[in-house]
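Reckoned from all heavy atoms, side chains included, excluding hydrogens, waters and symmetry mates. Here, residue 1 is the first one in the sequence, and each next residue gets the next number.
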Amino acid sequence: MVWAPLGPPRTDCLTLLHTPSNDSPKMSLEWLVAWSWSLDGLRDCIATGIQSVRDCDTTAVITVACLLVLFVWYCYHVGREQPRPYVSVNSLMQAADANGLQNGYVYCQSPECVRCTHNEGLNQKLYHNLQEYAKRYSWSGMGRIHKGIREQGRYLNSRPSIQKPEVFFLPDLPTTPYFSRDAQKHDVEVLERNFQTILCEFETLYKAFSNCSLPQGWKMNSTPSGEWFTFYLVNQGVCVPRNCRKCPRTYRLLGSLRTCIGNNVFGNACISVLSPGTVITEHYGPTNIRIRCHLGLKTPNGCELVVGGEPQCWAEGRCLLFDDSFLHAAFHEGSAEDGPRVVFMVDLWHPNVAAAERQALDFIFAPGR
């Protein structure tokens with residue numbers, strides 16, 4: 001903006017002001033009028049400048065607001081794919097039955113479920129999930145997962161019969177049928193400290209077995225002899241709301257475990273009951289990325305777990321850690337007077353699976369993906 005004052009320049013006005021003349025009052029008046037015009041122009045200039053600053057600030061605010069909106073949208077878009085944290089018992093879903101829950105147990109109803117589907121297209125689906133994860137996050141640290149998915153068929157077919165996971169094998173993990181307590185020391189100590197809490201909630205649940213029908217929330221598994229019941233709090237990475245409400249303290253306890261698998265299809269947490277005379281035949285678990293932890297709640301004589309040909313016995317209040325991708329079986333050869341064998345079972349991460357790999361596997365094997 002260019003502004004030129006109306007009337008004679010200020011220097012001329014000053015000259016006229018100090019020049020002795022009979023017309024001095026008239027000249028002074030003209031100078032004052034000119035100066036007034038100058039002030040009006042200056043005021044207009046300042047006002048225009050302030051408005052320009054305001055316009056500039058408004059543009060900046062709009063820009064920042066747009067960036068914030070984009071950031072919130074990005075967080076929502078990415079966050080909805082993130083592993084879901086444990087929620088409080090009071091906020092569990094009310095419409096459980098609408099999501100495929102029957103008798104408190106989650107039954108897989110998707111033909112594309114990677115946990116339950118065994119076909120030639122499975123590896124392609126897993127690789128697609130890995131690529132999607134890498135595009136959103138990073139390929140860094142994905143070497144073993146990439147190698148495992150690309151050569152999954154060879155790994156599963158060439159594995160020795162003692163260890164042969166049915167769904168996914170992560171290469172280069174140390175293999176052993178049993179793990180020491182130090183493998184996941186923190187979580188083992190937390191579970192053993194809360195042994196009485198879990199036992200009390202089980203005993204409350206077990207009172208429902210006084211009648212003949214299978215109590216709500218329990219599932220009967222197929223066995224050649226005897227009876228094997230399970231009460232799931234988390235089944236294949238999905239919480240079972242109705243069951244969690246019945247064991248609120250045990251469910252909350254899962255949230256304090258550092259290595260509990262709760263966000264992919266390989267994660268489970270349940271109470272497992274074997275009646276006397278029950279035999280669980282030899283079988284393989286789905287993957288080697290996890291450690292299965294059994295906390296003994298009731299362990300009568302005559303009960304045994306065999307993993308990779310090595311037998312072990314449970315102990316009340318103590319955790320037993322094993323790799324269920326090895327061939328394993330369980331027996332309860334005690335008498336009816338001995339009562340059932342009861343353990344609290346929870347799946348923990350294999351200690352040699354890195355944090356970046358855990359995040360990627362949660363994404364690749366997310367429930368329903």
To the nearest 0.5 Å, what is the distance between [atom1] ([X]) and [atom2] ([Y])?
X	Y	atom1	atom2	value
H186	L191	NE2	CG	10.0 Å
I149	L130	CD1	CG	4.5 Å
T299	D338	OG1	CG	11.0 Å
L297	C200	CG	SG	10.5 Å
D347	I291	CG	CD1	10.0 Å
Y133	M142	OH	CE	5.0 Å

(request) Kindly assign one of parallel, tilted or perpendicular to the pair F231 and W218, based on the angle between their ring planes and the thresholds 30° and 60°. (result)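 Ring orientation of F231 relative to W218: tilted.
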(request) Step through the shown structure and confirm whether more than 12 heavy atoms of other residues, nucleotides or ligands are within 6.0 Å of CG on N352. (result)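 More than 12 within 6.0 Å, yes.
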(request) Consider only side-chain heavy atoms of I, L, V, M, F, W and Y, link residues closer than 4.5 Å, and tell whether L233 and I198 are in one cluster. (result)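 Yes, same cluster.
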(request) Would you please name every residue forming a ring-ring contact (aromatic ring centres under 6.0 Å, His included) with H350, sequence neighbours left out? (result)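 With neighbours one apart ignored, the set is F179.
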For [X], all residues meeting salt bridge (Lys or Arg N to Asp or Glu O under 4.0 Å), sequence neighbours excluded:
X	answer
D182	none
K298	E203
E333	none

(request) Only pairs at least two apart or in different chains count here, so list each salt bridge (charged side-chain N to carboxylate O under 4.0 Å, His left out) that has a residue in residues 349-358. (result)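 Those involving residues 349-358 are R144-E357.
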(request) Can you tell me which residue pairs pass the salt bridge (charged side-chain N to carboxylate O under 4.0 Å, His left out) test with a partner in residues 315-328, sequence neighbours excluded? (result)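 Output for this query lists R290-D324, R292-D324.
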Connected-component partners of [X] among ILVMFWY, side-chain separation under 4.5 Å:
X	answer
M345	none
I162	Y178, L305, V307, W314, L320, F322, F326, V343
F331	V279, V306
V69	none

(message) Quick one: does any side-chain atom of Q184 pair with a main-chain N or O of T259 as donor and acceptor, under 3.5 Å?
(response)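 Not a single qualifying donor-acceptor pair exists.
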(request) Look at the side chain of S225 and the backbone N and O of G277, then say whether any donor-acceptor pair between them is shorter than 3.5 Å. (result)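 Yes; judged by distance alone, with no hydrogens or angles, the pair exists.
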(request) Can you tell me which residue pairs pass the side-chain hydrogen bond (donor to acceptor under 3.5 Å, both in side chains) test with a partner in residues 276-289, sequence neighbours excluded? (result)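 Non-adjacent pairs meeting side-chain hydrogen bond (donor to acceptor under 3.5 Å, both in side chains): S275-T278, H283-H328.
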(request) Go through the structure and list residues passing side-chain contact (heavy atoms from CB on, under 4.5 Å) with P171, not counting sequence neighbours. (result)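 Testing P171 for side-chain contact (heavy atoms from CB on, under 4.5 Å), a comparison that skips the adjacent residues, returns K147, Y155, F169.
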(message) Taking the side chain as everything from C-beta on, heavy atoms only, tell me whether E192 gets closer than 4.5 Å to C319.
(response)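 Result yes, sub-4.5 Å side-chain heavy-atom pair found.
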(message) Is the shortest side-chain heavy-atom distance between L214 and F229 below 4.5 Å?
(response)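 L214 reaches F229 side chain to side chain.
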(message) Minimum heavy-atom separation for G339 and P300, please, with both atom names.
(response)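 Looking at all heavy atoms of both residues, the closest pair is O-CG, 3.7 Å.
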(request) Please assess F168 against L361 for the test side chain to side chain contact (heavy atoms under 4.5 Å, CB included), listing each intermediate value before the final yes or no. (result) CA-CA 10 Å; F168 179 73; L361 290 168; 3.9 Å; yes
(request) With side chain to side chain contact (heavy atoms under 4.5 Å, CB included) as the test, would you mind laying out the steps for Q236 and N268 before giving the verdict? (result) CA-CA 6 Å; Q236 296 185 15; N268 302 274; 4.1 Å; yes
